[in-house]
**Q** 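Sharing a structure, written as structure tokens. Questions coming.
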Protein chains: 2
Amino acid sequence: MAKQQSKLPEFAPLARDEISPALANSPCAACTVRQQSVCASLDDNELERLAAISRAMYVAAGSTIFNEGDPADYLFNVTDGVIKLYKLLADGREQVTGFLFPGDFIGLALKDSYSYSAEAISAVRLCKMKRSQFRDVLAVTPRLEHRLLSVASNELAQAQDQMLLLGRKTAREKIVSFFLQLAERRDKSRQAQINAGAELESSKFDEDVVELPMGRADIADYLGLTTETVSRTLTQLKTDGSIQLLDNHQVRLGGRESLREIAQGL
Amino acid sequence: MAKQQSKLPEFAPLARDEISPALANSPCAACTVRQQSVCASLDDNELERLAAISRAMYVAAGSTIFNEGDPADYLFNVTDGVIKLYKLLADGREQVTGFLFPGDFIGLALKDSYSYSAEAISAVRLCKMKRSQFRDVLAVTPRLEHRLLSVASNELAQAQDQMLLLGRKTAREKIVSFFLQLAERRDKSRQAQINAGAELESSKFDEDVVELPMGRADIADYLGLTTETVSRTLTQLKTDGSIQLLDNHQVRLGGRESLREIAQGL
DNA sequence: GCTTGGCGTTGACATGGGTCAATCCTTCTT
DNA sequence: AAGAAGGATTGACCCATGTCAACGCCAAGC
């Protein structure tokens, strides 16, 4: 579970303790996911307001961040690690509504209490804000509100894609769609880092290898399947050459175009 | 299909032709769904801006309003009738992502082109706005943006409920959940009308009778089922007394609490 | 009043994916 | 190095739901 953290023995860039409210030594200024998150739209002045109400928070792999029904007093920005959001039925059936990666924001779809639970899949670093304070900042930061609306728009469109997947796709189509989602997500955040001037060792980077930070059970609960079906479908995809499984948490995709056709039912 | 329109031989309250940009004789002022729609947050001044860019539009039952992939040049407010939004797979499989009722807004989850198709289920009256103009109004109407964000939030939460339904519920649970959705939606919009001071003949109103404006095929495509399964599940629910079917488009629910338990898998 | 065409329902049968259970890795522990 | 434990995989079987096809009902048109 702590596998993909081996490269990050510590979360290097940020101090582990309380964050200073002044921007000068605010972690936001050096935030590694600034360009990808809701903060991307803000100028220094505005960012300072957010920094003033943000606190870093560290969560170990496997632990719960909050549960559906808890009073929704805090919002979060994921800055490192992977999180799953999920809902439960009374008898324990689980639906994962999304996986969150660095740059993602938690707190759009909420009323007074959280409408889903959140659990850390890997070790996670979060930027935590009191909801009441966030609301105050929001009220005087129209650009932030605008940005949130656009984020919400995107999530809504994604949610609709997921409905199509859950309601109408076969197991095979679901799994392939999922891999393509992950690949596109990865591409996009890579691109954002490059645009921000980061130096990525583009040499030893394989375009077609996708990380699967989560286990089979989480994949199954995301796609409306069982672990057994996920497993069987993977070996089937492996057998017909659509993918290779490097290990349990890494797939190499064999040709995005043909995979895209599988995902659409062609 | 035009059945539930029989009470509305004409869409009485609004003029059928172009709308005057002045608020005085703007239809918005007399709009029957003003309190339930995005417009609810606006004062007269702001409403005038919206009115100035709005045009009424009438669509016959069964016709398409736009298709997935069309350039998204217009946004809409539903003022009368029922609409389905849906996505298609290449081979024709269909997923209905939502049914829209008076007061609902179309245009949150879009990029440059529509990410779903929209079709009128009954005769429909829409309030149509050019997207570019709407953006201009939005830029100077923070309250509108705030309102949109809150609408988007709610839709996201609903979308997540729908994922749980599609991914993890049985046919029986799906259908009952759907009926409860419709009932709650109806209650809410009734309440909004009452709050707005409307005189509803509360005498001959049956709390537990729910209208199903859409056909079995649309219900099936919304719930990730087939028409046959919908039909069979309905007769099963009828048999064990959970519901009564008054006619093809009206159900009477037998006890919301017990239905809520069925919907949650208890 | 007959015909036509859309739905909706029902029946018989097929199957994708679920269930239950055994086995196989890995990785961690000692 | 052996053991233990938590995934992941595989197999055998089952069942909820899909598929295919017949039939019924009702409203619209001739």
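If you're wondering where the values come from, they're calculated on a predicted model, not measured in any experiment. Reminder, nothing fancy here: chain letters follow the sequence lines and each chain counts from 1.
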**Q** Tell me: CZ of B:Arg93 to P of D:dT19, nearest whole Å?
**A** 9 Å
**Q** How do B:Ala171 and A:Thr235 order along DNA chain D: which one's closest nucleotide is nearer the 5' end?
**A** A:Thr235
**Q** Could you pull out all residues at least two apart from A:Glu261 that satisfy salt bridge (Lys or Arg N to Asp or Glu O under 4.0 Å)?
**A** none
**Q** Is a side-chain donor or acceptor of B:Lys87 paired with a backbone partner of A:Asp161 at a separation under 3.5 angstrom?
**A** no
**Q** Whole angstrom is fine here: how far is it from CG in A:Leu245 over to P in D:dG7?
**A** 18 Å
**Q** Do NZ/NE/NH1/NH2 and the carboxylate oxygens of A:Glu184 and A:Arg256 come within less than 4.0 Å?
**A** no
**Q** To the nearest Å, how far apart are A:Met214 CE and D:dG7 P?
**A** 15 Å
**Q** Between C:dG18, C:dT19, C:dG8, spot the one nearest the side chain of B:Asn248, thanks.
**A** C:dG8
**Q** Closest approach to the side chain of B:Leu234, judged atom by atom: which nucleotide of C:dT9, C:dG8, D:dG18 is it?
**A** C:dT9
**Q** Contact class for A:Thr227 vs. all strands (heavy atom < 4.0 Å): base, sugar-phosphate, or nothing?
**A** nothing
**Q** Please determine, for the side chain of B:Arg216, which listed nucleotide (C:dG8, D:dT9, C:dG17) has the closest atom?
**A** C:dG8
**Q** Nearest-Å distance, CG (B:Asp247) to P (D:dG24)?
**A** 21 Å
**Q** Can you tell me the distance, in whole Å, between the NE2 atom of A:His249 and the C1' atom of C:dC25?
**A** 12 Å
**Q** B:Gln250 has an atom CD; how far is it from atom C1' of C:dG8, in whole Å?
**A** 17 Å
**Q** Checking only heavy atoms, does the side chain of A:Arg232 share a donor-acceptor pair with the base of C:dT19 at less than 3.5 Å?
**A** yes
**Q** If the plane angle is over 60° it's perpendicular, under 30° parallel, otherwise tilted; pick one for A:Tyr114 and A:Phe66.
**A** parallel
**Q** Grab the CG-P distance between B:Leu223 and D:dT17 for me, whole Å please.
**A** 12 Å
**Q** Relative to the 5' end of DNA chain D, which residue comes earlier, A:Glu228 or A:Arg168, by the nucleotide with the nearest heavy atom?
**A** A:Glu228
